Amino acid sequence: MKELAKAYEFKDVEHKLYQWWQESGYFSPWNEPENHDFDPGIKPYVLSIPPANVTGGLHLGHVMFVALEDLMVRHQRMRGVPTLWIPGTDHAGIATQLQVEKMLALQGRSREEMGREKFEQEVWQWKEKYGSQITNQIRRLGASCDWKRERFTLDEGLSDAVREAFVRLYEKGMIYRGPRMTNWSPGLRTAVSDLEVEYVEEPGLLYYFKYRLADSPAEFIPVATTRPETILGDTAVAVHPEDERYQKYIGKTVLVPILDREIPVIADEYVDREFGTGSLKITPSHDPNDYEIGMRHNLQFINILDKNAVVNENGGPYQGLDRFVCREKIWQDMKEKELVLKEQPYIHTVPRSQRGGEIIEPMITTQWYVQMKPLAEAGLEAVREGKIKILPERFEKVYFNWLENVQDWCISRQLWWGHRIPVWYCDECDLLTIARTDPTQCSHCGSLKIRQETDVLDTWFSSGLWPFSTLGWPQETADYRYFYPTTMMETGYDILFFWVARMIMLGLEFTGQAPFDTVYLHGLIRDENGVKMSKTKNNVIDPLVVMEEMGTDALRFTMLVGSTPGNDTSISLKKVEANRNFANKIWNAGRFVIGNLERVSNTPQADPQWTLADSWIWARLQELIRDVDRLFANHQYGEAGRQIYEFFWGEFADWYVEIAKLQINKGGDRAFYTEQTLIRILDTSLRLLHPFTPFVTEELWQNLKEASLQKPDLYQPQDGWEEALMIAKWPQAQASEGWEDEKVKSFALIQEIVRAIRNARTEKKLPPGRKIAAVLVSPEMRELLVAQKEPIALLSGLDQDRYEVLPSLVEKPQGSTPLVVAGIEVYLSLAEFIDSGLEVERLEKEIQEIENQIERLQKLLSSSFAEKAPMAVVNKEREKLETYCNSIEKLKEQRNSLE
RNA sequence: GGGCGGGUAGCUCAGUUGGUUAGAGCACAUGUUUUACACACAUGAGGUCGCAGGUUCGAGCCCUGUCCCGCCCACCA
């Protein structure tokens with residue numbers, strides 16, 4: 001038999017196993033027919049991966065979703081359900097383009113000089129080079145996804161899906177193009193959607209100045225702004241219609257500072273009389289609110305900035321200045337002309353680009369939009385009617401709130417990397433050609449002079465189609481027919497709007513079905529102090545480094561048991577370390593079990609006679625399986641993992657394995673059946689643990705299988721040994737046979753006695769090797785205590801030959817220390833270690849404690865609790881009271897005999 | 001301005017149908033090379049579950065109020 005390493009060496013295992021799994025085809029749906037003609041009678045479990053950004057490196061967010069999704073998928077696969085987890089990557093428009101541009105800049109090149117086509121080639125090359133990096137890293141995490149079905153959002157098939165989606169929406173009149181107030185990112189020189197703007201509170205200045213009246217330059221209306229450069233684009237000053245201070249000016253004209261352009265004073269209820277000066281400058285082209293007011297009052301729209309946020313020809317003397325330089329300059333100039341009143345420190349919210357971090361400039365640009373109202377209606381209904389369940393449930397409210405107030409979606413981006421919008425402009429007839437395949441001529445006038453729209457689509461447009469585009473939509477492929485709609489969508493709550501909501505809406509729109517039935521949202525990962533990880537804070541934990549040091553299983557297990565859905569999680573290396581220890585514990589328990597195989601005989605002479613420990617661990621295992629099943633059904637994965645951990649370490653390894661040593665030393669049938677139990681518990685535990693810690697369990701299981709096959713009489717899993725643990729059968733709890741509770745209770749009593757004796761030994765500072773004599777006294781438990789002599793003696797260091805159980809005490813053993821455990825008296829002969837003064841003290845303390853308990857319980861049981869609480873609960877308390885009463889008398893006797 | 005989450009042992013966190021002396025890991029103290037594991041074993045110390053009310057026979061868990069911390073949404077110059 002092969003020697004197992006003393007510690008679990010994950011480095012030797014992970015890569016090897018992953019390769020093997022993959023080559024064996026286990027990642028593909030179970031029982032996949034050659035022709036992909038699936039049995040429609042069996043409902044598959046399908047999950048599409050949140051596509052990773054091609055340019056990104058692995059971070060803990062990936063670890064989180066892979067750990068969870070792989071757990072779900074492995075669990076279902078073991079349950080025998082055809083299971084598909086589709087992997088893939090996202091072209092991530094802005095992020096990727098930025099990266100490549102950065103790289104080019106280092107080489108002294110720029111996309112403008114190389115032109116669009118060349119640049120796109122450059123990005124593709126980058127994608128080929130780095131795109132596989134992230135998927136390889138996801139493989140390292142053990143992700144059991146079907147790589148044969150891997151997709152990329154810019155793949156041909158997915159691009160077809162994007163076109164189909166665009167054209168259909170357009171044909172339904174749900175896509176329109178036009179000038180609107182947009183969030184303009186001057187650095188990226190593209191529009192971004194509302195979601196891509198972050199509002200950050202920052203200290204700034206509020207600038208107060210004068211709007212002089214055209215016909216009476218001595219008079220003025222005081223106005224305040226945080227952005228003085230926008231004065232150049234002002235086309236009105238607004239006051240509240242009922243504001244007595246300013247009513248007289250309504251209808252008059254005032255002069256724009258510096259430019260001396262004449263603009264009207266208008267009345268609008270939007271103006272807050274209490275705020276600032278109570279009068280508002282209106283820049284319809286550079287402020288969303290002013291835009292609305294401008295529309296209402298038919299104001300002039302003056303755009304003063306170009307695409308780089310540099311002042312244009314409308315800015316008069318300021319043309320060519322950057323927006324912030326202009327801010328300074330115009331204020332200086334106004335000061336000189338005595339047009340300013342004051343400046344005041346002010347905290348305001350600044351819109352910043354989520355990507356580049358630069359300040360977003362609201363600007364009127366021509367963009368493509370998707371009308372959201374009808375889509376949102378359907379999206380709301382699907383969740384309201386329970387067709388889609390969002391977990392944790394509270395996020396349903398967040399989802400509703402967003403969709404109920406959703407604005408039209410700006411889907412065009414002035415980028416080069418992405419799906420180019422399938423619209424062609426005709427130079428001759430000016431009409432648009434919208435097509436699924438590239439047209440050669442205008443569909444209206446037949447002219448050959450057509451140009452494709454240069455804008456690309458928002459990257460989330462294609463990811464919004466992900467659950468069905470990856471399965472072949474719009475083609476009616478076998479995969480699409482069988483696997484759609486998918487089952488589970490698992491992702492971080494931070495992209496609920498960006499991604500999940502859009503998948504739901506687009507899925508309903510295009511496929512007529514909800515794209516998945518459950519959304520499981522995990523929290524974000526923070527450092528051990530609960531702070532968001534960021535490079536600037538230098539608190540980023542690199543999962544690759546952690547895996548290198550502690551192993552993948554340890555990291556995965558940490559993510560799973562350390563978190564609850566929807567709540568952010570702090571991760572610390574200490575935790576990972578503890579779970580590395582757990583992996584090692586699994587390994588060594590397995591090593592022990594496997595190592596014992598040689599020591600047992602091949603065939604038993606008689607039917608099994610199970611010991612209390614055997615029965616106990618078996619019963620506990622059944623209970624565990626039931627609990628785990630229940631928790632999985634409720635998506636309480638972390639709690640399930642915790643319970644398996646507790647069982648495996650705290651019960652199997654700490655107690656059963658120790659007693660098994662004793663039983664195996666007996667040899668013969670006893671050894672045989674003990675080893676059988678050991679293997680059975682181990683096998684089952686490995687199955688339960690596999691979705692959490694796939695590598696160590698598979699490796700150990702293979703060893704267990706190999707060794708067990710040498711002794712087929714000893715143990716066979718119910719359905720024989722499968723090829724691999726990852727496709728082995730998920731354990732099924734056996735129905736309770738009625739004896740279990742009593743065995744579990746008896747064993748708990750043994751544990752209690754052992755702990756009490758160990759405690760006494762430690763307190764009295766007994767040398768650990770010293771075996772001591774003991775007398776146990778109990779009329780009711782006598783049989784049990786006699787039968788369990790050996791385990792009790794072994795575990796608490798008693799001398800078996802001087803172990804006595806008496807129904808009642810005739811005479812107190814000389815030189816012994818008395819204990820009472822659940823009504824059972826225990827006398828340990830520790831003569832030379834006893835200080836009778838201390839003993840009395842100890843007993844007094846114990847008596848006091850138990851008296852308190854008795855008092856508490858008597859009070860409780862004589863209250864209305866006894867009538868109103870369920871019987872079972874009351875009985876439990878009564879039993880407790882009985883045990884205490886039993887104990888207290890004995891304790892008192894013991895104390896008295898010492899005095 | 002609206003909504004949500006968290007506040008439980010020194011630290012990081014579990015604790016889902018409310019059941020009656022509250023759990024884990026780490027850290028801490030003491031002891032141990034016990035033939036699977038020192039990435040271990042044994043024993044121990046450590047908490048009025050943010051605060052104040054309420055419902056209930058019974059509340060960490062449900063309700064109300066309140067204080068901190070964090071997040072999301074929203075157009076206040």
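Throughout, protein chains are lettered first and strands after them, A, B, ... in sequence-line order, and every chain is numbered starting at 1. This one's a predicted model, so the numbers in the text were calculated from it and none came from an experiment. All values below come from the heavy atoms of this structure, side chains included, with hydrogens, waters and symmetry mates left out.
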What is the nucleic acid contact for [X], judged by heavy atoms within less than 4.0 Å: base, sugar-phosphate only, or nothing?
X: A/E658; value: base
X: A/A224; value: sugar-phosphate
X: A/E867; value: nothing
X: A/N634; value: nothing
X: A/V223; value: nothing
X: A/V873; value: base
X: A/D654; value: sugar-phosphate
X: A/K880; value: sugar-phosphate
X: A/T564; value: sugar-phosphate
X: A/R227; value: nothing
X: A/Y207; value: nothing

**Request:** Kindly say whether, by distance alone, the side chain of A/Y270 makes a donor-acceptor pair under 3.5 Å with the base of B/C75?
**Result:**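 Check passes, donor-acceptor contact within cut-off.
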**Asked** Does the B/C26 base have a donor-acceptor partner in the side chain of A/K575 within less than 3.5 Å?
**Response**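 No, no donor-acceptor pair under 3.5 Å.
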Determine the interatomic distance between [atom1] on [N] and the same-named atom on [M]; round to the nearest Å.
N: B/A45; M: B/G31; atom1: C1'; answer: 15 Å
N: B/C4; M: B/U43; atom1: C1'; answer: 45 Å
N: B/U33; M: B/C28; atom1: C1'; answer: 23 Å
N: B/G5; M: B/U16; atom1: P; answer: 15 Å
N: B/A29; M: B/C67; atom1: C1'; answer: 37 Å
N: B/U8; M: B/C13; atom1: P; answer: 9 Å
N: B/C39; M: B/G60; atom1: P; answer: 40 Å
N: B/C49; M: B/C11; atom1: P; answer: 16 Å

Which nucleotide, if any, forms a Watson-Crick or G-U wobble pair with [N], using both distances under 3.5 Å?
N: B/C26; result: B/G10
N: B/G19; result: B/C57
N: B/C4; result: B/G70
N: B/C37; result: none
N: B/G65; result: B/C51

The side chain of [X] is closest to which nucleotide in this list: [options]?
X: A/K397; options: B/G25, B/A36, B/C4; answer: B/C4
X: A/N584; options: B/C39, B/G44, B/A77; answer: B/C39
X: A/R758; options: B/A36, B/G44, B/A42; answer: B/A42
X: A/N567; options: B/C26, B/U43, B/G5; answer: B/G5
X: A/H348; options: B/C4, B/A77, B/G25; answer: B/A77
X: A/Y645; options: B/U16, B/G25, B/C39; answer: B/G25

With the criterion being N/O to N/O and under 3.5 Å, what pairs connect the protein with nucleotides 29-35 of chain B, and how long is each?
none

Nearest-Å distance, [atom1] ([X]) to [atom2] ([N])?
X: A/W499; N: B/C72; atom1: CH2; atom2: P; result: 20 Å
X: A/E393; N: B/C4; atom1: CD; atom2: P; result: 14 Å
X: A/R394; N: B/C73; atom1: CZ; atom2: C1'; result: 15 Å
X: A/D243; N: B/A77; atom1: CG; atom2: C1'; result: 14 Å
X: A/Y8; N: B/C37; atom1: OH; atom2: C1'; result: 15 Å

**Flag side-chain contact, heavy atom, 4.5 Å: A/P565 against A/L391** =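 Heavy-atom side-chain distance check fails, nothing below 4.5 Å.
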**Asked** Are side-chain heavy atoms of A/E639 and A/R630 found at a separation under 4.5 Å?
**Response** no
**Prompt:** Does any pair with a residue in residues 871-882 of chain A pass salt bridge (charged side-chain N to carboxylate O under 4.0 Å, His left out), and if so which ones, sequence neighbours excluded?
**Reply:** A/K745-A/E879, A/E877-A/K880
**Asked** If you draw a 6.0 Å radius around CD in A/E274, do more than 12 non-hydrogen atoms from other residues or ligands fall strictly inside?
**Response** no
Does [X] have a side-chain nitrogen or oxygen under 4.0 Å from the phosphate oxygens OP1 or OP2 of [N]?
X: A/Y493; N: B/C4; answer: no
X: A/N581; N: B/A40; answer: yes
X: A/R580; N: B/C39; answer: no
X: A/W649; N: B/A36; answer: no

**Fill in**
Once base and sugar-phosphate atoms are separated, protein heavy atoms under 4.0 Å mark nucleotides 54-62 of chain B, 5' to 3', with B, S and - as ---B-----
**Prompt:** With under 30° as parallel and over 60° as perpendicular, where do the rings of A/F632 and A/Y637 fit, or are they tilted in between?
**Reply:** perpendicular
**Message:** By nearest heavy atom, map A/F275 and A/A578 onto RNA chain B; which one lands nearer the 5' end?
**Reply:** A/A578
**Prompt:** So which one's nearest nucleotide on RNA chain B is more toward 5', A/F395 or A/L857?
**Reply:**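 Closer to the 5' end of RNA chain B: A/F395.
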Side-chain atoms of residues 201-208 of chain A: list all donor-acceptor pairs with protein atoms under 3.5 Å, sequence neighbours left out, distances to 0.1 Å.
residue	atom	partner	partner atom	Å
A/E202	OE1	A/R352	NH2	3.1
A/E202	OE2	A/R352	NE	2.6
A/E202	OE2	A/R352	NH2	3.3
A/Y208	OH	A/Q344	OE1	3.2

**Prompt:** Is A/K585 positioned over the aromatic face of A/Y645, cation under 6.0 angstrom from the ring centre and no more than 45 degrees off axis?
**Reply:** no
**Request:** Sequence neighbours left out, what passes salt bridge (Lys or Arg N to Asp or Glu O under 4.0 Å) with A/E9? Give chain and number order.
**Result:** none
**Item:** A/Y211 ring center within less than 6.0 Å of A/F209 ring center
**Value:** yes
**Check: A/R599/A/N665 side-chain N/O donor and acceptor closer than 3.5 Å** = yes
**Item:** ring-ring contact (aromatic ring centres under 6.0 Å, His included), paired with A/F582, selected from A/F692, A/F557, A/W587
**Value:**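 Among the candidates, only A/F557 passes.
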**Message:** A/K859 vs A/E855, test: salt bridge (Lys or Arg N to Asp or Glu O under 4.0 Å). Steps then yes/no.
**Reply:** CA-CA 6 Å; A/K859 233 160 110 187; A/E855 201 182 329; 5.5 Å; no
**Prompt:** Do you know which two heavy atoms are closest between A/H297 and A/A267, and how far apart they sit?
**Reply:** CE1-O, 3.1 Å
**Asked** With sequence neighbours left out, which residue pairs that include part of residues 493-502 of chain A fulfil the side chain to side chain donor-acceptor pair (under 3.5 Å) condition?
**Response** A/Y493-A/D568
